[in-house]
Amino acid sequence: MLMSIKTWLFDKPNTDCLAQYAKTGDNRYLNQLVAQYGNDLYHYLVTQSDKDLALDICQQTWLKVIDKRDFYNDQNNPKAWLFRLARNLLIDEFRKQQKFVELEDNQLFSESQDASYHYDYEAFDKALMALSFVQREALTLQQEGFSLDDIVAITQSNPETIKTRLRYARQNLKQQLGGHHEA
């Protein structure tokens with residue numbers, strides 16, 4: 001009996017918690033979702049913005065999941081659906097505070113130039129932040145493990161556009177980082 005309960009509780013890693021939450025509204029599935037995708041979601045958002053905005057958008061995303069759980073289709077990739085919600089909220093926030101976001105990006109560049117003990121990481125972060133939003137977003141989503149089809153679904157762009165953004169992002173990173181390694 002104990003073994004069957006343990007199997008029922010822990011041995012279902014492929015269970016779509018989002019589908020279960022959408023059907024039942026049970027908070028334990030929401031807790032599993034946060035545990036499973038929360039760090040990845042925050043990492044994506046912090047690469048697109050600053051820490052404070054990333055935390056705000058994470059929180060808004062989980063609230064949106066609660067409000068819009070009935071709109072989730074269980075044939076979708078749950079992680080892609082979450083990231084799409086987060087992306088839409090982030091873009092809405094960028095539209096509201098466009099000047100503020102630009103100021104934050106400039107401050108990040110000037111602060112990261114002083115420390116030299118993490119030179120390569122900081123050079124990469126600076127080069128990443130210098131990319132356009134759409135190039136940085138496509139590259140970050142790819143690094144999060146999303147397939148081309150998932151990135152297309154999240155960004156609502158066509159596949160050729162995403163391929164182009166990824167190619168230009170890599171070219172720009174190589175160009176920007178190439179100068180740092182020659183010195």
Side-chain angles (χ1 to χ4, degrees), residues 18 33 36-62 64-65 68 71-73 75-113 118-183:
L18 188 53
L33 278 171
Q36 188 173 7
Y37 299 120
N39 288 337
D40 292 343
L41 188 65
Y42 173 75
H43 179 263
Y44 162 70
L45 290 168
V46 81
T47 59
Q48 305 303 316
S49 62
D50 61 41
K51 292 177 183 178
D52 293 331
L53 185 57
L55 287 172
D56 284 346
I57 299 298
C58 271
Q59 189 173 28
Q60 289 178 33
T61 301
W62 294 117
K64 185 73 81 171
V65 167
K68 304 291 183 185
F71 293 103
Y72 175 70
N73 181 353
Q75 284 84 27
N76 292 335
N77 177 343
K79 188 175 178 182
W81 190 78
L82 287 170
F83 275 56
R84 183 173 174 188
L85 288 177
R87 178 187 188 267
N88 290 342
L89 289 166
L90 183 64
I91 289 173
D92 288 347
E93 191 63 31
F94 280 164
R95 288 180 182 147
K96 287 180 192 173
Q97 302 179 359
Q98 186 176 4
K99 292 180 184 176
F100 175 74
V101 172
E102 289 175 0
L103 178 62
E104 289 293 321
D105 285 346
N106 291 338
Q107 287 175 351
L108 285 173
F109 290 138
S110 63
E111 290 173 6
S112 67
Q113 290 173 352
H118 292 295
Y119 182 72
D120 290 337
Y121 291 116
E122 290 187 17
F124 179 78
D125 286 344
K126 183 178 177 182
L128 185 65
M129 293 305 290
L131 296 175
S132 69
F133 173 80
V134 292
Q135 289 176 8
R136 184 174 62 238
E137 176 185 48
L139 188 65
T140 303
L141 288 171
Q142 186 180 52
Q143 294 302 312
E144 285 291 334
F146 286 110
S147 68
L148 180 65
D149 292 336
D150 289 338
I151 297 171
V152 166
I154 292 168
T155 62
Q156 298 176 338
S157 301
N158 72 45
E160 294 305 315
T161 301
I162 297 301
K163 289 177 188 177
T164 301
R165 289 174 183 170
L166 289 169
R167 186 178 74 243
Y168 283 133
R170 287 189 197 100
Q171 287 174 351
N172 289 336
L173 283 176
K174 284 179 186 177
Q175 183 180 23
Q176 290 180 29
L177 294 173
H180 292 290
H181 295 295
E182 294 173 2

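These numbers come from the heavy atoms of this one structure, side chains and all, not from hydrogens, waters or symmetry mates.
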State, to 0.1 Å, how close [X] and [Y] come at their nearest heavy-atom pair, and which atoms those are.
| X | Y | result |
| --- | --- | --- |
| Gln142 | Ile151 | N-CD1, 3.8 Å |
| Ile162 | Ser157 | CD1-CB, 3.9 Å |
| Ile57 | Leu89 | CD1-O, 3.8 Å |
| Ala127 | Leu177 | CB-CD2, 4.0 Å |
| Leu82 | Val65 | CD2-CG2, 3.2 Å |
| Leu148 | Lys163 | CD2-CE, 3.4 Å |

Flag side-chain contact, heavy atom, 4.5 Å: [X] against [Y]:
| X | Y | result |
| --- | --- | --- |
| Lys174 | Gln171 | no |
| Asp92 | Arg95 | yes |
| Glu93 | Ser49 | no |

Side chains of Thr155 and Glu137, donor plus acceptor under 3.5 Å:
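Short answer, no.
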Could you tell me the separation between the CG atom of Leu33 and the CG atom of Leu41, rounded to the nearest 0.5 Å?
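Between atom CG of Leu33 and atom CG of Leu41 there are 11.0 Å.
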[atom1] ([X]) with more than 12 external heavy atoms under 6.0 Å:
| X | atom1 | result |
| --- | --- | --- |
| Tyr168 | OH | no |
| Phe133 | CZ | yes |
| Asn39 | CG | no |

For Gly145, does its backbone N or O pair with a side-chain atom of Lys79 as donor and acceptor, under 3.5 Å?
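It does not hold such a pair.
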Which of these passes side-chain hydrogen bond (donor to acceptor under 3.5 Å, both in side chains) with Asn172: Gln135, Arg136, Arg167?
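Checked Gln135, Arg136, Arg167 against Asn172; only one passes side-chain hydrogen bond (donor to acceptor under 3.5 Å, both in side chains): Gln135.
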Mutual orientation of the aromatic rings belonging to Phe83 and Tyr44 [parallel < 30°, tilted 30-60°, perpendicular > 60°]:
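Tilted.
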